There are 2 protein chains.
Amino acid sequence: MQTLRLFSDVARRHSFSEAAKLHGITQSAASQRMSSLEKRLGVTLFDRSVRPLALTEAGEIFLAGCSELLEQYDRLQRRVMGLGGDPSGSVRVSAIYSAGIDLLERIRIGFVAAHSTVNVEIHYQHPEKVYQSVREHECDLGIVSYPQRWRQVGVIPLRDEVMALVAQPGHPLTRRASVRPTDLNGVRMVNFDPHLPVARHIRSYLRHHGAEPIVEHQFDNIDTIKNAVASTDGVAILPRRTVMQEVEMGVLAAVALEPQLVRPLGIIFRPPQRGSEPFGDAARLFVEYLIEHGRLPATRLRQEVPA
Amino acid sequence: MQTLRLFSDVARRHSFSEAAKLHGITQSAASQRMSSLEKRLGVTLFDRSVRPLALTEAGEIFLAGCSELLEQYDRLQRRVMGLGGDPSGSVRVSAIYSAGIDLLERIRIGFVAAHSTVNVEIHYQHPEKVYQSVREHECDLGIVSYPQRWRQVGVIPLRDEVMALVAQPGHPLTRRASVRPTDLNGVRMVNFDPHLPVARHIRSYLRHHGAEPIVEHQFDNIDTIKNAVASTDGVAILPRRTVMQEVEMGVLAAVALEPQLVRPLGIIFRPPQRGSEPFGDAARLFVEYLIEHGRLPATRLRQEVPA
DNA sequence: TTTTGACATTAGCGTTTCTAATGCTATCAT
DNA sequence: ATGATAGCATTAGAAACGCTAATGTCAAAA
């Protein structure tokens with residue numbers, strides 16, 4: 001049983017040493033246990049010939065089964081131990097960078113304060129990696145923008161983030177109370193990398209409202225965009241929340257867009273296979289907390305942007 | 001894992017020593033392992049103060065969970081090992097005495113011949129015990145007559161056994177090609193114990209056809225009834241199949257009943273709980289074999305007896 | 001009450017599994 | 001290319017764990 005748990009951790013982290021540390025044993029012990037597990041099963045579970053350790057096909061299957069098995073065992077143990085109380089265990093979250101490290105960290109801290117038996121790990125990654133992590137059992141849930149009910153993932157809408165026009169404090173457009181898309185005609189703009197969902201939605205928003213800004217640069221990460229805007233005369237459309245701090249410090253200025261543009265954030269998870277629960281108890285608890293505390297205090301009605 | 005398997009066997013057999021033998025270890029080892037399991041869980045699983053060892057409430061819950069878990073693990077292991085072949089493991093069957101030791105044994109032998117990796121154990125018990133065994137996870141499936149979709153068990157009809165009038169070879173009624181219920185008026189009869197379902201159905205059959213035999217004795221077991229009939233002038237209504245041998249040997253005579261009376265046999269099983277399969281792979285295979293080979297060569301249409 | 005069967009307990013031993021140290025190899029940076 | 005680095009494999013020895021055998025205890029049956 002403990003060996004399965006070790007396997008699960010090794011597989012998710014793609015590392016013997018990390019998993020070993022986590023279990024309080026040496027890397028050597030982990031290696032030996034995994035070898036003997038493979039011998040028992042008569043199957044190679046890992047591909048050791050590549051450096052971020054990979055799983056073989058059999059390993060993938062075994063990982064999926066193990067996750068389910070372990071969760072089930074934990075549930076059983078909890079039931080038998082008569083604990084109606086908090087579940088224990090870990091929740092692994094993969095989030096896109098721009099989900100807001102500050103926001104998620106605040107939520108995480110509040111959560112572990114309320115449920116001290118649960119450990120929450122958040123990894124920030126590129127959107128593609130988030131989907132992949134969820135599909136490959138490397139995490140319990142993912143947080144992405146514009147969640148798509150893609151094959152192999154389920155979706156829970158989380159919140160709509162209001163987008164705002166961002167520019168240097170001295171920029172002419174920042175004088176106004178709000179900016180309309182047509183005001184951006186001919187304005188130099190910094191946008192997201194075109195293969196990020198958010199970039200496609202912004203372009204679509206602009207095109208449908210007849211705006212044709214000059215896209216000067218494209219970055220795949222919010223911080224770089226903020227830096228670019230702060231040091232040039234370009235503008236950008238970013239989630240208002242992500243620039244709050246810079247606005248207060250006077251480094252950037254933000255102006256409301258008219259009509260409003262929102263970026264939906266959502267939780268994605270691997271949908272239940274035949275007969276398994278979508279989340280483990282710890283993960284479910286966290287999702288509930290996330291929905292409760294992660295929504296905007298006063299959520300405005302979500303406004304659809306024509307695709 | 002192996003400990004869970006041991007627990008499962010101990011719980012089902014209500015015996016440390018038997019389970020230990022089954023696992024090729026000493027009773028002492030089994031005792032120690034179970035103690036340590038209890039310590040790990042922080043719960044008492046067994047009630048050791050009664051002699052056929054009992055399970056505590058927590059033990060019952062844990063057993064149900066373990067069964068599920070172990071089956072799931074076996075499935076996973078098989079998948080990973082790339083075996084699309086026969087499942088391995090044990091199938092535990094509880095059957096009523098009168099299901100026919102000869103019939104079931106023949107089926108069992110045929111089955112293990114075809115699937116050598118599967119072990120089949122059949123226990124013959126009283127009907128109540130069979131239901132209890134199924135409900136309490138002590139077996140994978142049960143075989144009973146007049147299966148009732150009682151709470152907590154699922155039902156698969158297996159076969160209808162034709163009932164016949166049985167008497168000493170010299171008895172007047174055995175001269176005839178068939179016997180009608182009214183012919184039994186005033187005849188001395190040996191019947192099943194009234195709290196067996198089959199007895200209630202026979203009485204109901206007789207009453208609805210206006211027959212009023214004199215019920216002289218009541219036994220809860222077919223062999224005793226056969227003995228009683230063979231050594232007195234009483235008659236009995238028994239499944240024809242169960243007296244074939246005695247008829248051939250000239251110890252008993254059997255005559256068809258008109259209208260026909262049948263006793264349905266069925267398979268009972270504990271219905272799937274949330275998300276678990278109704279049978280393990282080995283058990284499913286056996287059930288399929290049972291249905292295939294356990295039905296009468298030419299099954300006559302089942303004839304309902306008004307309740 | 002006595003007997004019997006079954007579980008608990010203990011000590012000692014054997015196997016398993018761990019650690020520590022070292023070697024090997026894939027990746028990365030220069 | 002070439003060396004540096006990180007991570008896994010392998011080994012031997014040590015610690016830990018689980019098993020057996022023997023004995024004690026208690027519930028159920030006679």
Side-chain angles (χ1 to χ4, degrees), chain A residues 1-60 62-63 66 121 123 125-126 129 136 138, chain B residues 1-60 62-63 66 70 123 125-126 129 136 138:
Chain A
M1 205 82 215
Q2 210 55 33
T3 299
L4 297 188
R5 221 172 282 276
L6 180 64
F7 166 80
S8 173
D9 284 325
V10 169
R12 277 191 239 265
R13 286 155 208 279
H14 298 284
S15 162
F16 282 42
S17 357
E18 273 187 52
K21 218 173 295 168
L22 207 79
H23 281 240
I25 61 176
T26 61
Q27 168 267 322
S28 170
S31 173
Q32 291 174 57
R33 282 243 292 264
M34 291 303 98
S35 295
S36 77
L37 175 63
E38 286 177 316
K39 212 175 76 189
R40 271 216 307 274
L41 294 172
V43 173
T44 305
L45 295 171
F46 301 103
D47 177 5
R48 297 160 162 89
S49 72
V50 294
R51 212 17 62 134
L53 193 68
L55 287 170
T56 62
E57 199 176 335
E60 295 282 3
F62 198 65
L63 174 58
C66 271
E121 298 167 25
H123 293 275
Q125 301 174 308
H126 281 274
K129 259 304 232 179
E136 292 182 2
E138 278 174 29
Chain B
M1 206 81 214
Q2 211 54 34
T3 300
L4 296 189
R5 224 172 279 276
L6 180 64
F7 166 79
S8 172
D9 283 326
V10 169
R12 278 192 239 266
R13 287 157 209 276
H14 299 282
S15 162
F16 282 43
S17 355
E18 273 187 52
K21 218 172 296 170
L22 207 78
H23 281 238
I25 60 175
T26 60
Q27 167 266 320
S28 171
S31 172
Q32 290 174 59
R33 283 244 292 266
M34 291 303 99
S35 294
S36 77
L37 176 63
E38 286 178 315
K39 210 174 77 190
R40 273 214 308 274
L41 295 172
V43 173
T44 305
L45 296 170
F46 301 102
D47 178 4
R48 296 159 162 89
S49 71
V50 294
R51 214 14 62 137
L53 194 66
L55 287 169
T56 62
E57 199 176 335
E60 296 281 2
F62 197 66
L63 174 59
C66 271
L70 290 172
H123 292 275
Q125 303 173 309
H126 281 273
K129 258 303 229 183
E136 292 182 0
E138 280 173 27

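What you see is a predicted model; the values in this text were computed from it and never measured. So you know, we letter chains A, B, ... as the sequences are listed, proteins then strands, and number each from 1.
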What about A/Ser36: does its side chain form a donor-acceptor pair under 3.5 Å with the base of C/dT17? no

What's the CG-C1' distance between A/Leu53 and D/dA6, to the nearest Å? 13 Å

Do A/Glu18 and A/Val10 come close enough that some side-chain heavy atom pair is under 4.5 Å? no

Ring centroid separation B/Phe7 to B/Phe46 under 6.0 Å: yes

Nearest of D/dA28, D/dT20, C/dT19 to any side-chain atom of A/Ser28? C/dT19

Which of these nucleotides, D/dC8, D/dG18, C/dT9, is closest to any side-chain atom of A/Gln27? D/dC8

Could you check whether any side-chain N or O of A/His14 sits under 3.5 Å from a backbone N or O of A/Ala54, counting only pairs where one atom can act as donor and the other as acceptor? no

Does any N or O in the side chain of B/Ser31 come within less than 3.5 Å of the main-chain N or O of B/Gln27, such that one atom is a donor and the other an acceptor? no

Measure NE2/A/His23 against P/C/dT19 and give the value in whole Å, please. 12 Å

Under 3.5 Å, is there any donor-acceptor pair linking the side chain of B/Gln32 to the base of D/dT20? yes

Whole-Å gap separating P (D/dA15) and CD1 (A/Ile25): 18 Å

Between B/Leu37 (CG) and D/dC17 (P), how many Å, whole number? 16 Å

Is any side-chain N of the basic residue among A/Arg13 and A/Glu121 closer than 4.0 Å to the acidic one's carboxylate O? yes

Measuring from the side chain of B/Ser15 (C-beta onward, heavy atoms only), which nucleotide among C/dC7, D/dT20, D/dA28 has the closest atom? C/dC7

I need the CZ-P distance between B/Phe16 and C/dG5, as an integer number of Å. 19 Å

Return the value, rounded to whole Å, for the distance between atom CZ of B/Phe46 and atom P of C/dA6. 16 Å

OP1 or OP2 of C/dC18 less than 4.0 angstrom from a side-chain nitrogen or oxygen of A/Arg33, does that happen here? yes

Grab the CG-P distance between B/Asp47 and C/dC7 for me, whole Å please. 12 Å

Taking only the side-chain heavy atoms of A/Ser17 (C-beta and beyond), determine which of D/dG7, D/dC19, D/dA22 contains the nearest atom. D/dG7

With sugar-phosphate meaning primed atoms plus P, OP1 and OP2, does B/Ser35 contact a base, only sugar-phosphate, or nothing at under 4.0 Å between heavy atoms? nothing

Base D/dA21 to side chain B/Thr26, donor-acceptor N/O within 3.5 Å cut-off: no

Nearest-Å distance, CG (A/Leu22) to P (D/dG7)? 15 Å

